[in-house]
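Report on the structure given below.
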Amino acid sequence: MGSTQVFNVAGVNRDAFLEHVSQNKRTYADWSRGWNSSTPQQTMGKEDGLASPFINDEFGLAVDRGVITQSEAADLSGTWSALSDAGVLYRRVLRCCVFV
């Protein structure tokens, strides 16, 4: 069973975040290497080049910086939907879970 957590983050450096996103563009094709890499998404192919707010590699950076552990990051991916002028980031973190 999968679940989606939605949360907001305050105090985001808006300029730095937008710069990071512009330097690390993602597409819908990137979703296949994220939370569901064991079962890649299937599309008609025409969507693969479209821009996406997908975030995945950033969880690896959090591991490198000691913010979270490798096991915590192993099945995390997500998207961001908006960033306010005050630095509030609206995010969805997707976690693929299997319960036996």
Side-chain angles (χ1 to χ4, degrees):
M1 174 192 323
S3 66
T4 299
Q5 294 80 32
V6 178
F7 67 95
N8 303 331
V9 179
V12 173
N13 180 326
R14 180 179 168 79
D15 293 335
F17 179 80
L18 293 176
E19 177 67 21
H20 173 80
V21 169
S22 72
Q23 296 297 317
N24 297 278
K25 296 184 188 299
R26 307 290 165 64
T27 67
Y28 279 91
D30 292 318
W31 282 76
S32 289
R33 62 183 180 85
W35 68 276
N36 202 14
S37 59
S38 61
T39 309
Q41 73 171 353
Q42 295 178 357
T43 69
M44 299 297 290
K46 62 185 176 186
E47 305 90 345
D48 291 349
L50 294 176
S52 169
F54 180 69
I55 295 175
N56 185 53
D57 298 338
E58 290 74 10
F59 293 104
L61 292 173
V63 170
D64 293 344
R65 295 176 181 168
V67 177
I68 58 176
T69 66
Q70 179 62 43
S71 62
E72 291 171 326
D75 58 356
L76 292 177
S77 291
T79 63
W80 65 280
S81 60
L83 177 61
S84 76
D85 290 338
V88 177
L89 180 65
Y90 303 92
R91 299 200 44 179
R92 287 184 0 168
V93 173
L94 309 175
R95 177 184 291 264
C96 183
C97 303
V98 177
F99 299 98
V100 181

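The analysis underlying the following values was restricted to heavy atoms, covering all of them including side chains, and did not include hydrogens, waters or symmetry mates.
Side-chain contact between Val12 and Leu83 is present, with at least one heavy-atom pair separated by less than 4.5 Å.
Listed for the Thr79 side chain is no donor-acceptor partner under 3.5 Å among the backbone atoms of Pro53. In terms of modelled atom types and a separation under 3.5 Å, the side chain of Arg14 and the main chain of Ser84 share a donor-acceptor contact. Not a single donor-acceptor pair under 3.5 Å links the side chain of Glu72 to the backbone N or O of Gln70. Glu19 places no side-chain N or O within 3.5 Å of a backbone atom of Phe17 that could act as its donor or acceptor partner.
In terms of heavy-atom proximity, Ala51 sits nearest to Tyr28 at O-CE1, 3.2 Å. Closest of all the heavy-atom pairs between Ser52 and Thr27 is CB-C, 3.6 Å. Here the closest non-hydrogen pair linking Val63 and Ala73 is CG2-CB, 3.4 Å. Phe59 approaches Gly78 most closely through the heavy-atom pair CE1-N, 4.1 Å. Across every non-hydrogen atom of Arg26 and Asp30, the tightest pair is CA-OD2, 3.1 Å.
Val9 and Ile55 end up in the same hydrophobic cluster when Ile, Leu, Val, Met, Phe, Trp and Tyr side chains are linked at under 4.5 Å. Side-chain heavy atoms closer than 4.5 Å link hydrophobic residues (I, L, V, M, F, W, Y) into clusters, and following such links, even through other members, never connects Tyr90 to Val21.
Between atom CD of residue Glu58 and atom CG of residue Asn56 there is a gap of 7.5 Å, rounded to the nearest 0.5 Å. For the atom pair CD1 (Ile68) and CG (Leu61), the distance works out to 10.0 Å, reported to the nearest 0.5 Å.
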